[in-house]
Amino acid sequence: MARLARQPLLRSLVYPAEHAWAAGPTLAVPTVRFVVPVSVGPVGQDKALFLGSGALLAPDQALSVLPFYLSSLAAPPQLPESWRSRPVPPWRGVTCRFGTVAVRFSNEIESEGPTTLNALVLIPDREPPGPRLRHLLLGTEFLLHYGFRVLISFDAITFLDDDERRGIDASIPCGYLEKA
Amino acid sequence: MSEARDDLPPGMSFERDPKVAAHLRKFRDFWLWFNNQRDLKARYADRVVVVQEREVIGEGDTIEEAEQDARRRAAERGAELPPLKELIVYGVPAINWLESISPSPHVADQTSVPAPTAEDSK
């Protein structure tokens, strides 16, 4: 389908997620991280089971990381020659291997459908100590590889303000991820 | 039914199957609802859950455990578990919010704090 000039190929909404940051018993403040709802499945298998997951934008991570519980969805990647003899970086103290998974994004561009992007990921050999990773982490390699534009508006982050529920309203988008 | 095109980078394709779009929409609707359900998020923190119509019908530490639990519960009800592709399988993040937040160190009206002048540094 032909697309209009300057119309992006993909635009997915980004949602805020509250993450605690505590520097001690008397200093605890929330921080905000940014998540895109996606589904994750095996590469090149359209009919396979794809599982819903939050994909956390993690530009502070060099490489993307697949949660251990999704590791059965990954296939071995084709790595460039220069990477084949290198040790695979660990993550949170856990040894890893490389893999690829297909990540499906909802697409706000009406003329296009949901978009699948293959992602190179680190796959931990076991659950790391501490809280388990349940989000897919999209690291700098992924964001740079596809040349994403990420727009975040802190002004759009909405806080719940009632007695029953407090914190960030995680159902209101605060930006978007876009591929031109 | 994936469509790879010449104007797309390698590894990127569009999905033309309406079922794919419907499944993503279904997951997103669930995810947006679930994210504001603190009681459910706390109850199932760090677990993998199988969900049908906003009801958790199975849970475990892994996908397989959650599926087995959902199958067992369905059998107890005398029902059959629908294929996982028609359900939502979701890894619930650990609790990561604060019940008691320190007050912000930010002064409400920063303009009332005068900027340092050359006199101040003498």
Side-chain angles (χ1 to χ4, degrees), chain A residues 1 3 9-10 13 15 17-22 26-30 35 37-39 43-44 46-54 67-70 72 100 104-107 112-119 127 130-135 145-147 160 164-171 179, chain B residues 1-5 7-21 23-39 41 45-48 51 60-64 66 83-85 88-105:
Chain A
M1 194 176 289
R3 64 177 170 134
L9 294 163
L10 164 67
L13 297 176
Y15 295 85
E18 185 177 340
H19 274 238
W21 180 80
T26 57
L27 180 56
V29 294
V35 190
V38 299
S39 65
V43 171
D46 293 353
K47 304 291 181 194
L49 175 67
F50 273 66
L51 299 178
S53 175
F68 177 74
Y69 87 99
L70 296 177
S72 62
T100 51
R104 282 182 180 156
F105 291 81
S106 297
N107 197 347
E112 309 290 6
T115 306
T116 299
L117 299 166
N118 295 343
E127 292 284 9
R132 295 169 182 148
L133 176 67
R134 294 307 196 191
H135 288 114
H145 178 77
Y146 288 106
L160 297 164
E164 303 257 323
R165 303 182 306 160
R166 3 178 332 272
I168 288 171
D169 188 337
S171 64
K179 167 68 187 152
Chain B
M1 205 172 3
S2 293
E3 179 196 28
R5 293 194 319 225
D7 62 335
L8 302 182
M12 180 173 181
S13 58
F14 291 114
E15 299 301 331
R16 299 301 183 204
D17 185 345
K19 284 183 185 168
V20 169
H23 186 265
L24 260 178
R25 257 197 315 274
K26 185 172 158 183
F27 171 66
R28 188 171 71 171
D29 289 349
F30 158 77
W31 187 81
L32 292 176
W33 169 80
F34 188 82
N35 274 342
N36 280 343
Q37 307 301 312
R38 287 207 166 197
D39 50 343
K41 284 170 71 177
D46 234 3
R47 303 281 276 169
V48 179
V51 178
D61 280 338
T62 63
I63 297 168
E64 294 74 21
L84 277 192
K85 283 168 94 168
I88 288 167
V89 181
Y90 179 58
V92 183
I95 292 176
N96 207 348
W97 63 81
L98 299 162
E99 294 301 339
S100 175
I101 297 172
S102 307
S104 167

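The chains referred to below are lettered A, B, ... by the order of the sequence lines, with proteins before strands, and numbering in each begins at 1. Treat the numbers as computed from the prediction; the structure is a model and nothing was measured.
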For the atom pair [atom1] ([X]) and [atom2] ([Y]), what is the distance rounded to the nearest 0.5 Å?
X: F14(B); Y: T116(A); atom1: CZ; atom2: OG1; value: 10.0 Å
X: F50(A); Y: L84(B); atom1: CZ; atom2: CG; value: 14.5 Å
X: I63(B); Y: L49(A); atom1: CD1; atom2: CG; value: 7.5 Å
X: N107(A); Y: E15(B); atom1: CG; atom2: CD; value: 11.0 Å
X: R38(B); Y: E18(A); atom1: CZ; atom2: CD; value: 5.0 Å
X: K85(B); Y: L51(A); atom1: NZ; atom2: CG; value: 11.5 Å

Ranked by heavy-atom pairs below 4.5 Å to chain A, first place among N35(B), V89(B), D46(B), T62(B) goes to D46(B)
Answer key: most heavy-atom pairs under 4.5 Å with chain A among R25(B), R47(B), K26(B) is R47(B)
**OP:** Ignoring hydrogens and angles, state whether a donor on the side chain of N36(B) or S171(A) is under 3.5 Å from an acceptor on the partner side chain.
**Re:** yes
Criterion side-chain contact (heavy atoms from CB on, under 4.5 Å) on R104(A) and H23(B), from CA distance to verdict
CA-CA 11 Å; R104(A) 282 182 180 156; H23(B) 186 265; over 6 Å; no
Greatest number of non-hydrogen atom pairs under 4.5 angstrom with chain B, of G44(A), S72(A), P67(A), G113(A), falls to G113(A)
Toward chain B, the part of [X] with a non-hydrogen atom under 4.5 Å:
X: A48(A); value: backbone
X: S53(A); value: backbone
X: L133(A); value: neither
X: F105(A); value: backbone
X: V38(A); value: backbone

Exercise: identify the closest heavy-atom pair between [X] and [Y]:
X: A94(B); Y: P131(A); result: CB-CB, 3.9 Å
X: L32(B); Y: A170(A); result: CD2-O, 4.1 Å
X: G52(A); Y: F27(B); result: C-CZ, 3.4 Å

Q) Is a side-chain donor or acceptor of R28(B) paired with a backbone partner of S106(A) at a separation under 3.5 angstrom? A)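 The answer is no, because no donor-acceptor pair under 3.5 Å joins these two groups.
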| request: Check for a donor-acceptor pair, side chain of K19(B) on one end and backbone N or O of K47(A) on the other, with a separation under 3.5 Å. | output: no
Bottom line for I88(B): the part with an atom under 4.5 Å from chain A's heavy atoms is neither
Counting only heavy atoms closer than 4.5 Å, note whether P10(B) contacts chain A via side chain, backbone, both or neither.
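Backbone only.
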- Is the closest side-chain heavy-atom distance between R134(A) and V48(B) below 4.5 Å? yes
>> Run V35(A) and W31(B) through side-chain contact (heavy atoms from CB on, under 4.5 Å) and show every step you take.
In response: CA-CA 11 Å; V35(A) 190; W31(B) 187 81; 3.5 Å; yes
- Going through the checks in order, is the side-chain contact (heavy atoms from CB on, under 4.5 Å) test met by D61(B) and R132(A)? CA-CA 10 Å; D61(B) 280 338; R132(A) 295 169 182 148; 3.0 Å; yes
